Amino acid sequence: MGESRLSAMLTFLRRRPWLVVVAAGLAVLSIVTMTALRQRTETFTETEFMNALADGVVEDVNISPNTRTVWGTGHDDEGAFTYRYRYLEAAEETLLSQLRIHAPDFRVQPPQSSAADIAATLVPLALLAFVAWFVVTRVRSGGVAVSARATKPADVPDYGFERLGGLDEAIVEVSEVVDFLSDPERFERLGAKPPRGVLLEGPPGTGKTALARAAAAEAEVPFFAVSASEFVEMFVGVGAKRVRDLFERAAKAGPAVIFIDEIDAVGRRRGAAAANGNEERENTLNQLLTEIDGFHSNRAPIVVMAATNRSDVLDAALLRRFTRHIHIGLPDRAGRERILNIHLEAVAAADDIDVSSLAARTVGFSGSDLERLVNEAAVFAARTSDSHVTNVHLEAAFDRIVLGLERRSAVPTDKDRLIVAYHEAGHTVCAFVQPDADRPHKVSVVPRGQAGGVTHFTPSEGSFMTRRRALASLRAMMGGRAAEEILLGDDITSGAAHDFASAGQLAREMVTNYGMGSLGPMFIPDPSQPVAPETARAIEEDVARLLSEALEDARRIVNEHRDALERLVAALLEEETLDEERIAEVLGAAA
């Protein structure tokens with residue numbers, strides 16, 4: 001039992017030799033410090049030194065005229081001690097005369113440090129030396145602790161393309177990678193150069209990582225996943241070494257897939273910010289470019305797949321290495337339905353869930369958003385101790401994600417509830433009566449988040465923003481202020497602030513991006529981009545014109561449909577939340 005523990009301890013220390021060095025250093029420092037502290041040190045005044053000198057207590061005397069310091073050793077009833085005495089320049093003659101009488105063997109030399117002084121100097125120096133040694137060791141080893149995720153063994157993923165939804169076109173393009181990894185000789189016989197680099201670009205949460213993992217599973221090869229930020233380090237050469245180590249491990253594993261997430265962290269355009277000290281990042285990028293090229297002819301087939309949502313900032317040389325650029329966008333309705341079914345299979349879902357209707361209402365949701373929706377529904381079901389996830393739970397999860405969490409603790413006054421009801425009813429009516437506007441899906445006067453009420457619209461499935469749809473959206477956004485004016489007249493509230501911000505952004509995009517304003521074709525993607533003063537003034541005037549016209553149109557709509565507006569306000573005050581069917585029932589033939 002004792003021998004096994006000793007063997008285990010020796011193995012532990014053999015794998016961590018730095019622990020032995022640290023322990024030995026601490027032991028030496030302890031011995032030096034204890035030795036220094038064991039000897040007593042006295043600091044004499046002039047009178048004390050003269051008395052000690054006359055009494056023969058002082059045995060050894062050293063004097064330094066340059067620093068006017070006297071030091072040495074002595075012995076009294078308490079034992080041996082060291083002493084130090086600094087004298088004034090005026091007392092030098094008296095001191096020398098007394099030394100010639102009582103200590104004629106005194107020595108004139110530079111001052112020496114006591115054992116305590118030596119220890120006080122050595123301890124910090126030794127600690128600094130240890131820190132420097134430890135840092136250098138980490139740098140040479142590539143920072144093992146930091147890159148633990150990159151160095152863990154890679155396995156073949158356990159699911160393939162069958163667990164993906166809404167990525168049909170991307171799967172077709174990635175299939176070339178799967179064929180190459182599964183049978184590289186087929187490409188070599190024909191002299192074809194297979195894709196060694198694939199760039200997956202698109203909004204966050206659209207399934208880029210899942211697609212790369214599934215490709216490795218289909219090819220039945222190991223999958224090495226790493227974040228590009230793990231290559232970025234303040235120590236020179238660490239990032240490049242981590243890149244080399246990663247590719248060496250992948251090569252030893254045979255045909256493999258290396259997935260680099262958020263590659264823009266290391267692959268940004270070189271020279272764009274030289275003043276910010278990016279030399280180490282650029283060295284890492286250079287090493288990455290070299291490894292992707294695959295200069296080692298005998299290396300096993302490796303495919304590098306990278307993900308980013310900022311391909312516009314990537315270096316041109318890096319983009320050239322990725323011979324396949326695959327855009328992964330938000331899923332369409334059929335894709336959302338497939339994704340919902342996949343995630344619902346992982347929970348105890350009821351048989352009567354209307355997945356098709358839910359997919360139709362989740363326009364603009366990414367794959368991760370849909371996964372979160374199903375998970376939130378399962379949380380609601382668990383909270384209410386239900387045995388299955390139902391449509392009720394999914395609807396509650398949808399409301400929480402889109403509209404925000406209800407603040408039932410907030411108790412608004414009757415006047416505030418009336419103002420909120422008119423405001424939200426104005427949005428709903430203006431959208432409902434316009435064929436080109438997004439359809440109002442739900443309206444509520446229950447406080448959610450920071451809002452006193454909320455109106456949610458179901459966006460169109462169309463890929464393009466048309467001018468009619470943009471103008472209809474502006475009128476719907478201004479409907480809240482227009483309805484407030486009916487109730488309050490000139491005493492309007494601040495409730496339309498968020499509406500104005502959203503409408504202003506859309507109007508500015510219409511003028512500067514879409515060419516839908518009176519200024520004609522124009523594209524200024526960055527609002528901070530400097531433009532001529534005349535152009536900036538013209539843009540502001542055109543944006544203001546669009547907003548003013550939208551507000552005038554909204555006023556006309558709510559006045560023309562005043563009866564429908566009042567019916568909707570009454571229903572909101574009574575029922576608080578209305579869904580799409582109830583909205584249509586209350587407004588009737590208003591459209």
Side-chain angles (χ1 to χ4, degrees), residues 147-178 180-181 195-232 242-243 246-247 249-250 253 255-267 288 292 302-311 313-314 318-319 321-331 335-336 338-343 345-346 365-375:
S147 58
R149 179 184 170 209
T151 59
K152 67 181 182 181
D155 298 322
V156 177
D158 54 358
Y159 67 86
F161 293 149
E162 76 281 353
R163 294 291 298 172
L164 302 181
L167 299 174
D168 296 341
E169 293 80 5
I171 289 175
V172 172
E173 294 202 51
V174 173
S175 297
E176 290 183 1
V177 175
V178 176
F180 166 60
L181 293 173
R196 286 186 176 271
V198 179
L199 182 64
L200 308 176
E201 52 181 323
T206 50
K208 296 183 288 293
T209 304
L211 179 61
R213 187 182 297 275
E218 293 288 335
E220 298 182 351
V221 298
F223 180 72
F224 292 82
V226 64
S227 174
S229 60
E230 297 182 29
F231 295 139
V232 180
R242 290 178 181 173
V243 172
L246 174 62
F247 278 81
R249 287 192 299 273
V257 170
I258 294 178
F259 176 71
I260 305 176
D261 196 13
E262 302 294 345
I263 196 171
D264 47 281
V266 72
L288 180 61
I292 294 178
I302 296 175
V303 173
V304 180
M305 304 184 72
T308 182
N309 49 29
R310 291 293 311 277
S311 60
V313 303
L314 294 181
L318 183 63
L319 290 173
R321 263 70 171 186
F322 291 108
T323 55
R324 295 289 186 275
H325 292 192
I326 302 176
H327 179 77
I328 301 179
L330 296 172
R336 293 194 300 274
R338 168 65 177 152
I339 294 171
L340 285 170
N341 282 319
I342 290 174
H343 293 303
E345 291 175 1
F365 276 48
S366 66
S368 62
D369 294 332
L370 297 172
E371 181 182 10
R372 178 189 172 196
L373 174 65
V374 174
N375 182 69

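None of the values given here were measured: they were computed from a predicted structure. Hydrogens, waters and symmetry mates play no part in the numbers below; they use all other heavy atoms, side chains included.
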Who passes side chain to side chain donor-acceptor pair (under 3.5 Å) against [X], sequence neighbours left out?
X: E173; answer: none
X: E176; answer: R324
X: S368; answer: S366

Check side-chain contact (heavy atoms from CB on, under 4.5 Å) between [X] and all other residues, then give those that pass, not counting sequence neighbours.
X: I339; value: P331, H343, L370
X: R338; value: I342
X: N341; value: E337, V355
X: E262; value: D264, N309

Between [atom1] on residue [X] and [atom2] on residue [Y], distance to nearest 0.5 Å:
X: L288; Y: I260; atom1: CG; atom2: CD1; result: 5.0 Å
X: S227; Y: F259; atom1: OG; atom2: CZ; result: 9.0 Å
X: L314; Y: E201; atom1: CG; atom2: CD; result: 8.5 Å
X: L200; Y: H327; atom1: CG; atom2: NE2; result: 11.5 Å
X: R249; Y: I258; atom1: CZ; atom2: CD1; result: 8.5 Å

Residue pair G329 / T206: nearest heavy atoms and the distance that separates them: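 That closest heavy-atom pairing would be O-CG2, 3.7 Å.
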Heavy-atom side-chain proximity of L318 to I263 below 4.5 angstrom: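 With C-beta onward as the side chain, the pair touches.
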Show me the donor-acceptor pairs, under 3.5 Å and distance only, between side chains in residues 207-219 and residues at least two apart or in other chains.
| unit_1 | atom_1 | unit_2 | atom_2 | d |
| --- | --- | --- | --- | --- |
| K208 | NZ | G202 | O | 3.3 |
| K208 | NZ | P203 | O | 2.8 |
| E218 | OE2 | F161 | N | 2.9 |

Identified side chain to side chain contact (heavy atoms under 4.5 Å, CB included) partner of L199 from the options T308, T323, I326, V304: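 That would be T308; it is the only one of T308, T323, I326, V304 passing the side chain to side chain contact (heavy atoms under 4.5 Å, CB included) with L199.
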Set of residues satisfying salt bridge (Lys or Arg N to Asp or Glu O under 4.0 Å) with respect to E345, sequence neighbours excluded: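 Counting only residues at least two positions away or on another chain, E345 forms a salt bridge (Lys or Arg N to Asp or Glu O under 4.0 Å) with R163.
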